[in-house]
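Below is one structure, written out as structure tokens, with a few remarks after it.
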2 protein chains.
Amino acid sequence: MRPDSPLAVPSDALFGVHNLPYGVFSTAAEPGRRRLGVAYGEHILDAGAAARATGASAELTALLDAPSLNPLLAAGRPVWTRVRAALTAWLTADEHRAAVEPRMVPRADATSHLPFDVADYVDFYASEHHAATVGRIFRPGSDPLPPNWKHLPIGYHGRAGTVVVSGTPVVRPCGQRKTPADPAPGYGPTRRLDIEAELGFVVGAPSPQGSRVALADADEHVFGVCLVNDWSARDIQSWEYVPLGPFLGKSFATSVSPWVVPLDALAAARVEPPARDTEPLPYLDDRGARPPYGLDIALEVRLNGHLVSRPPFAAMYWTYAQMLAHLTVNGASLRPGDLFASGTVSGPEPRTRGALIELTWNGERPLELPDGTRRGFLEDGDEVTITATAPGPAGTRIGLGEVSGRVRPAH
Amino acid sequence: MRPDSPLAVPSDALFGVHNLPYGVFSTAAEPGRRRLGVAYGEHILDAGAAARATGASAELTALLDAPSLNPLLAAGRPVWTRVRAALTAWLTADEHRAAVEPRMVPRADATSHLPFDVADYVDFYASEHHAATVGRIFRPGSDPLPPNWKHLPIGYHGRAGTVVVSGTPVVRPCGQRKTPADPAPGYGPTRRLDIEAELGFVVGAPSPQGSRVALADADEHVFGVCLVNDWSARDIQSWEYVPLGPFLGKSFATSVSPWVVPLDALAAARVEPPARDTEPLPYLDDRGARPPYGLDIALEVRLNGHLVSRPPFAAMYWTYAQMLAHLTVNGASLRPGDLFASGTVSGPEPRTRGALIELTWNGERPLELPDGTRRGFLEDGDEVTITATAPGPAGTRIGLGEVSGRVRPAH
């Protein structure tokens, strides 16, 4: 292969042959035409065009020649496996090179769009370190975890319509703010704009209403993962959230990475979850599961380019399989495009926390950045970027890409 | 007109000319073909067929010849007004009778479907009587309302994917239950299955992310109303809801009525909301609004056919315009098909409460039904039906139809 071929990608590249994440892109030449693509090295394979050029089956071509991932999501795991095998062959087999090479678009020339139409969005609270640190900040001296925390993965529904793709600016939200010292709430732009570095799980195969998805069937329904930044306005949230939970403190924007990494690409990242000290109810019992449902994914959070945290997903108390089993245990149905996120990923060490509220102890201990600036919470113009990698086969690493967003001033 | 014509509908019928609610139906002859319909007397106007038969414009025909309300929802208020005028003419003008009469389908022969694709679903908590009664039941002796209650309409996101049309059976959900007396949670079918009689508001015209919808612009975005039964598993809810709000206690099913009554049909139902004793922030200030945003809608709740409550929507503290202004004040966007519900509609008198938890004081004072049975919460096989009417022009009444559901045993 010519060394300058777009198909000449080292097998240990973050977007190499072991990864093959899916996204939706357009080009400057055809800005209105959204296409399914697969990231490979520095290029994107135009998946629909490649299917046609390689003479793929009509079924497979229809799934890939689509403006969003949703048809492929709905098709289910046996089809996901076939499609992944076909993509691998197209990108690596000599026989396909002439057909595929012209269907590679430089990533630098492409615009990314939301990779799937979000059906329902659920956010969990699955990091013990995060939940306990938040408890210590707000309820010093009492039990840092709520009494239900170790019995069930706490979650709530968020706003699907305000999930945006990485790169979308985030307008500082306005709303009601009240500190305990204020006699009454005031109105204005949030003074405590925060991030939450999370992993998101994209549901593919649906399930019917009135039935549940057993923990052992999670991989039949979960298609893949993305990175999530669950932007949070802490002053709005703290005033509104009793008794029905977060609402406007979260619903203004949730950013996701443009590339959905298939669960199949994370086989080498499977690890045992941390030891639990509370007996789970049978529907949440994942002891002995092979492969285990923990994921050794290393996140990095950058604020204006400066690395401020390295949250380890392997430290999460609850796994995605437990989250999905819990989400459906009451008979709630799944739809293709459902997104459930882990909640803030935080580790045990201070610089492994995935939200500013923890990193700065609710703003009391601002971060000192290498450029001489300090941050308790986000200022207008700040840019936050979350990246992640995971082990791939044979010492390689898989990239999850990035989710990035810059804060715009309130209107 | 022949007295047996499907167009011979008295002007004071609940589904008369002043109402014209929209729904989606199919017939036994073509069970797979979902069509937009307008309820009129005992019939449904096949709206797409009528548009074609009357030679309506291509734009209007495209909006009505659709399998859901969503295209019409997205079109915005000026189009809604034109469509309503056209429907009125088709159903009442002699010149259209020959074209329209054959497009009337008996309601008894039709199957109703979900009238619109639900985008995001938000549930509010807008009845002071409901919130205060629940507070008295669970926190006797302390302030029955949370401190934020009179400053903002409390709300949270629910699961859009489990919104179902009236008539869909509701499977008793399973989940984690724990009473304060239990040392640890148990698993099983809910023992405290409840209803919440609510009004739902269907969003039509979208709004962009990062901007807000002013209270005075609410009617540009709200298309119409439906009835909602927000089924609730109180034992699951009470164990899970601190700190992130209701989740599995609600997400198994939410039922809506098949007919969406246009806001235009409720002009005669507009009333002043009740007096408020807390100064609202300017974005929620509806004092002096003309017409006012209160709605004099009378609900009735029946359990196994027995009338058990008459909740008055006119008693709601927060109006739909305030709910919408609050929902978007942080820049959250609106999409066609967004549904926001009022929360339980309860009045000040015991038999005007819209949930069993209030009607039976958390099960302690069971309802005695006329058939000799007693109910604290719902039993398998129970059927709950919520109906409602509102004043129409010149002494007529507008019907909102019904939302009904029967409880099936847990799997």
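Remember, it's a predicted structure, so these values are computed and weren't measured experimentally. Just so it is clear, the values below take in all heavy atoms, side chains as well, and ignore hydrogens, waters and symmetry mates. Below, chains carry the letters A, B, ... as their sequence lines are ordered, and counting in each starts from 1.
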Exercise for the section: Please determine, among B:Pro147, B:Gly155, B:Pro282, B:Ala184, the option with the most heavy-atom pairs under 4.5 Å with chain A. Expected result: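 That would be B:Gly155.
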Handout entry: Greatest number of heavy atom pairs closer than 4.5 Å to chain A - which of B:Leu284, B:Thr190, B:Thr278, B:Leu152
Key =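 Answer, by heavy-atom pair count under 4.5 Å with chain A: B:Leu152.
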Interface residue of largest heavy-atom contact number with chain B, from [options], under 4.5 Å:
options	value
A:Val170, A:Ile236, A:Leu248, A:Val171	A:Leu248
A:Arg408, A:Glu279, A:Lys178, A:Gln176	A:Gln176
A:Pro243, A:Pro173, A:Ala119	A:Pro243
A:Ala131, A:Ala332, A:Ala410	A:Ala332
A:Tyr241, A:Tyr187, A:Tyr125	A:Tyr187

Problem - A:Trp318 and A:Trp149 aromatic ring geometry - parallel, tilted or perpendicular at 30°/60° bounds - result: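 Tilted, since the angle between the ring planes falls between 30° and 60°.
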Testing the 3.5 Å rule here: is there a donor-acceptor pair between the side chains of [X] and [Y]?
X	Y	answer
A:Trp231	A:Ser255	yes
B:Ser251	A:Asn330	yes
B:His326	B:Tyr283	yes

Report which part of [X] has an atom under 4.5 Å of a heavy atom belonging to chain A: side chain, backbone, both, or neither.
X	answer
B:Ala253	both
B:His151	both
B:Pro146	side chain
B:Arg212	side chain

Exercise for the section: Please answer whether the main-chain N or O of B:Ile357 pairs with a side-chain N or O of B:Asp194 as donor and acceptor at a distance below 3.5 Å. Expected result: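 Yes; at least one donor-acceptor contact below 3.5 Å.
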Handout entry: Donor-acceptor under 3.5 Å (B:Glu128 side chain, B:Tyr317 main chain)
Key =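 No, because the side chain of B:Glu128 does not come within donor-acceptor range (under 3.5 Å) of the backbone of B:Tyr317.
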Problem - Proximal component of A:Val329, with respect to chain B [non-hydrogen, under 4.5 Å] - result: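 Its backbone and side chain both get close to chain B.
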Handout entry: Ring centers of B:His157, A:Phe247 separated by less than 6.0 Å
Key =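 Ring-ring flag for B:His157/A:Phe247: true, centres closer than 6.0 Å.
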Handout entry: Salt-bridge contact B:Glu198-B:Lys250 (side-chain N to carboxylate O under 4.0 Å)
Key =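 So B:Glu198 does not pair with B:Lys250 through a salt bridge.
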